[in-house]
Amino acid sequence: MTAETLIASLQLSMPELILAIGAMVLLMVGVFSSERSTATVTGLSVAVLIFAGLWLVLKTGEGAAYGGAFLSDPFSKFMKVLALIGSITVMVMTVGHARSAQIDRFEFPVLLLLATLGMLLMISANDLISLYLSLELQSLALYVVAAINRDSIRSTEAGLKYFVLGALSSGMLLYGMSLVYGFTGHTGFDQIANALTAEGRSLGLVFGLVFILAGIAFKISAVPFHMWTPDVYEGAPTPVTAFFAAAPKVAAMAMLVRIVIHAFEPVVADWQQIVVFISIASMLLGSFAAIGQRNIKRLMAYSSIGHMGYALVGLAAGSMTGVRGVILYMLIYMVMTLGTFACILAMRRREGENVEGIDDLAGLSQTNPFMATVLTALMFSLAGIPPLAGFFGKYFVFVAAIEAQLYALAIIGVLASVVGAYYYLRIVKVMWFDEAKGEFARTAGELRLVFGLSGLFVLGYVLIGGPLGNAAEVAARTFF
């Protein structure tokens with residue numbers, strides 16, 4: 001690599017360099033400052049993320065870097081902006097809740113920065129090796145974050161389960177990658193696609209593809225690799241759960257799209273069957289398993305599993321319309337999820353105790369009408385009721401499936417959506433028709449801002465959907 005190509009590569013990966021340098025500097029700031037440095041480090045972490053996002057949008061060009069292992073293109077830019085917005089929002093939401101959630105440590109924002117760095121590298125990865133390294137950078141930070149409240153047995157258990165199952169999924173992913181390398185002779189996505197076009201598929205390569213998809217399915221918590229999700233969502237501190245539910249899902253889905261649409265596009269018939277199965281299983285389990293839940297964080301875990309199934313409907317289509325649908329679905333899902341978790345963080349008694357039961361929302365419309373109205377809009381949107389944003393997200397992926405003649409997949413998706421509407425509407429019924437059990441403490445300003453903006457987005461998506469759809473189409477054209 002010459003000096004010129006190295007400088008060009010550094011310029012393309014400048015947002016990632018900003019996060020890496022920022023995380024290391026802030027780690028030193030936290031270590032050499034007093035224990036009261038958490039607020040300072042958190043504020044500076046948000047500033048670093050915003051600076052990286054602005055550089056990404058305004059300064060970063062397009063092209064391949066580091067010998068083709070890193071790609072900067074419209075798709076990666078769009079998904080990176082989503083991941084950065086998710087990380088920034090979660091950090092802002094944790095400002096007033098770090099002490100009550102017992103995550104009042106300077107390491108927490110630094111770990112989120114490192115996890116976000118891993119996500120950005122995952123989204124731009126164009127090689128199996130760079131993909132694995134970036135995935136592990138993200139995962140190692142998240143393992144620690146899940147168990148960061150060492151005084152809580154639930155948090156420690158959540159971190160341990162996530163670590164053990166994450167290690168298993170990483171092993172499956174590596175095994176699949178070694179098979180693909182063995183049968184194609186390449187690790188770069190372009191070279192893998194060329195080898196498959198020239199030589200065709202082999203049984204060993206299909207086995208490798210299955211193991212790779214299994215490893216990534218764990219990261220997006222798709223069935224049958226979803227088993228960690230309910231326990232980790234419930235056991236981890238609520239700000240951590242909010243982070244798990246938003247940005248990492250966006251990055252993992254972007255990584256999955258790039259692998260199947262780019263590297264394995266010549267064997268679309270093989271991976272399409274796998275994606276269709278995972279999608280149907282995730283939609284059905286997410287819809288039926290959530291019905292009996294009484295803890296709202298566990299309910300959101302099963303909801304997340306179901307929503308990943310809906311997003312995979314668009315990916316199964318294997319078309320530009322499908323990829324555009326996936327991109328828009330992940331955008332809408334992330335906004336709805338962040339708004340809902342802002343409301344969950346606001347479920348706090350006057351004594352300072354955070355509550356997580358769905359029944360604790362009883363009578364919220366009488367005690368906090370604004371929060372009840374916003375949460376109602378978010379629940380209707382998650383259920384896919386028109387004309388809210390969630391309806392359009394499902395509409396785009398189902399249309400892509402119908403265009404690809406995957407009629408059974410679209411019909412199952414619609415039926416699962418109807419079943420899933422039950423548990424969202426039950427929350428609405430509890431808030432508006434049950435007697436109030438008590439009043440929540442005054443909602444923090446940052447939480448009010450997050451769920452207020454989320455509510456505006458889902459209600460006003462009809463007005464801003466056009467420009468967002470155009471941007472998603474430009475991103476999807478990257479592969480076609």
Side-chain angles (χ1 to χ4, degrees), residues 50 53-54 57 74 77-93 242 245-247 249-250 253 300 303-304 306-307 310-311 314 321 324-346 361 364-365 368-400 417 420-421 424-425 427-428 431-432 443-476:
I50 292 171
L54 291 173
V57 173
K77 281 188 177 180
F78 192 98
M79 300 308 276
K80 283 179 183 179
V81 168
L82 284 193
L84 286 167
I85 290 171
S87 298
I88 291 166
T89 306
V90 170
M91 279 207 198
V92 169
M93 282 162 55
K249 295 285 175 69
V250 170
M253 189 61 77
M300 288 303 294
S303 167
S304 168
H307 281 288
Y310 296 121
T321 311
R324 176 177 175 269
V326 173
I327 293 168
L328 285 171
Y329 198 96
M330 294 312 294
L331 162 65
I332 292 166
Y333 163 78
M334 190 184 79
V335 174
M336 294 187 299
T337 301
L338 288 172
T340 304
F341 273 99
C343 293
I344 294 171
L345 275 167
L361 289 166
L364 186 67
S365 59
N368 193 336
F370 176 65
M371 181 175 154
T373 304
V374 170
L375 191 52
T376 300
L378 291 168
M379 290 297 112
F380 281 145
S381 184
L382 284 164
I385 294 172
L388 302 175
F391 165 76
F392 290 101
K394 288 181 180 174
Y395 172 78
F396 293 134
V397 293
F398 290 153
V399 164
S417 193
Y424 295 121
L425 297 179
I427 294 175
V428 175
M431 288 192 295
W432 290 90
T443 306
E446 63 272 11
L447 296 181
R448 192 182 289 266
L449 175 68
V450 171
F451 65 65
L453 290 175
S454 299
L456 272 178
F457 179 87
V458 299
L459 290 168
Y461 183 81
V462 181
L463 305 175
I464 59 171
L468 289 174
N470 293 337
E473 189 163 342
V474 170

Distance, nearest 0.5 Å, that separates CG of Leu375 from OG1 of Thr340
6.5 Å
Tell me if a side-chain donor or acceptor on Ser304 pairs with a main-chain N or O of Ala245 at a distance below 3.5 Å.
no
Does the side chain of Thr89 come within less than 4.5 Å of Phe341's, by heavy atoms?
no
Interatomic distance, CZ@Phe451 vs CE@Met371, rounded to 0.5 Å, equals 6.0 Å
Which pairs would a plain distance check flag for residues 392-400, meaning a side-chain donor or acceptor within less than 3.5 Å of a matching protein atom at least two apart in sequence or in another chain?
residue : atom : partner : partner atom : Å
Lys394  : NZ   : Leu382  : O            : 3.4
Lys394  : NZ   : Ala383  : O            : 3.4
Lys394  : NZ   : Ser417  : OG           : 2.8

Rounded to the nearest 0.5 Å, the CD1 atom of Ile332 sits from the CD1 atom of Ile327 at a distance of 12.0 Å
So OH of Tyr329 and CE of Met336: to nearest 0.5 Å the spacing works out to 5.5 Å
Going by salt bridge (charged side-chain N to carboxylate O under 4.0 Å, His left out), name the pairs with one or both residues in residues 447-473, residues two or more places apart or in two chains.
Arg324-Glu473, Glu473-Arg477
So salt bridge (charged side-chain N to carboxylate O under 4.0 Å, His left out) across residues 449-468, not counting sequence neighbours, yields none
If I compare all heavy atoms of Phe78 with all of Ala471, which pair ends up nearest, and what's the gap?
CE1-CB, 3.6 Å
NE2 of His307 to CE of Met253, rounded to nearest 0.5 Å, is 12.0 Å
Acceptor/donor pairs from residues 453-467 side chains to any protein atom, 3.5 angstrom cut, sequence neighbours excluded:
residue : atom : partner : partner atom : Å
Ser454  : OG   : Val335  : O            : 3.4
Ser454  : OG   : Gly339  : N            : 3.4
Ser454  : OG   : Val450  : O            : 3.0

Identify the heavy atoms of Ala475 and Pro74 that sit nearest to each other, and give their distance.
CB-O, 3.9 Å
Using every non-hydrogen atom in the two residues, find where Phe370 and Gly452 come nearest and quote the distance to one decimal.
CZ-CA, 4.1 Å
Would you be so kind as to tabulate the donor-acceptor pairs closer than 3.5 Å made by side chains of residues 79-87, with sequence neighbours excluded?
residue : atom : partner : partner atom : Å
Lys80   : NZ   : Glu16   : OE2          : 2.7
Lys80   : NZ   : Ser124  : OG           : 2.7
Ser87   : OG   : Ala83   : O            : 3.1
Ser87   : OG   : Thr116  : OG1          : 2.9

Taking all non-hydrogen atoms of both residues into account, name the closest pair between Ala246 and Leu338 and its distance.
CB-CD2, 3.8 Å
State, without any angle test, whether Tyr424 and Ser381 hold a side-chain donor-acceptor pair at a distance under 3.5 Å.
no
Can you find a heavy atom in the side chain of Val428 that is under 4.5 Å from one in the side chain of Leu361?
no
Any side-chain heavy-atom pair of Met334 and Lys249 under 4.5 Å:
no
Find the distance between OG1 (Thr443) and CG (Leu449) and round it off to the nearest 0.5 Å.
12.5 Å
Start with the C-alpha distance between Lys77 and Val57, add both sets of side-chain angles, then the distance that settles side-chain contact (heavy atoms from CB on, under 4.5 Å), and finish with yes or no.
CA-CA 7 Å; Lys77 281 188 177 180; Val57 173; over 6 Å; no
How close do Met300 and Ile344 get, heavy atom to heavy atom, and via which atoms?
CG-CD1, 4.0 Å
All side-chain hydrogen bond (donor to acceptor under 3.5 Å, both in side chains) counterparts of Tyr310, not counting sequence neighbours:
none
Dump the intermediate steps for side-chain contact (heavy atoms from CB on, under 4.5 Å) on Ile385 and Phe391, then the final yes or no.
CA-CA 5 Å; Ile385 294 172; Phe391 165 76; over 6 Å; no
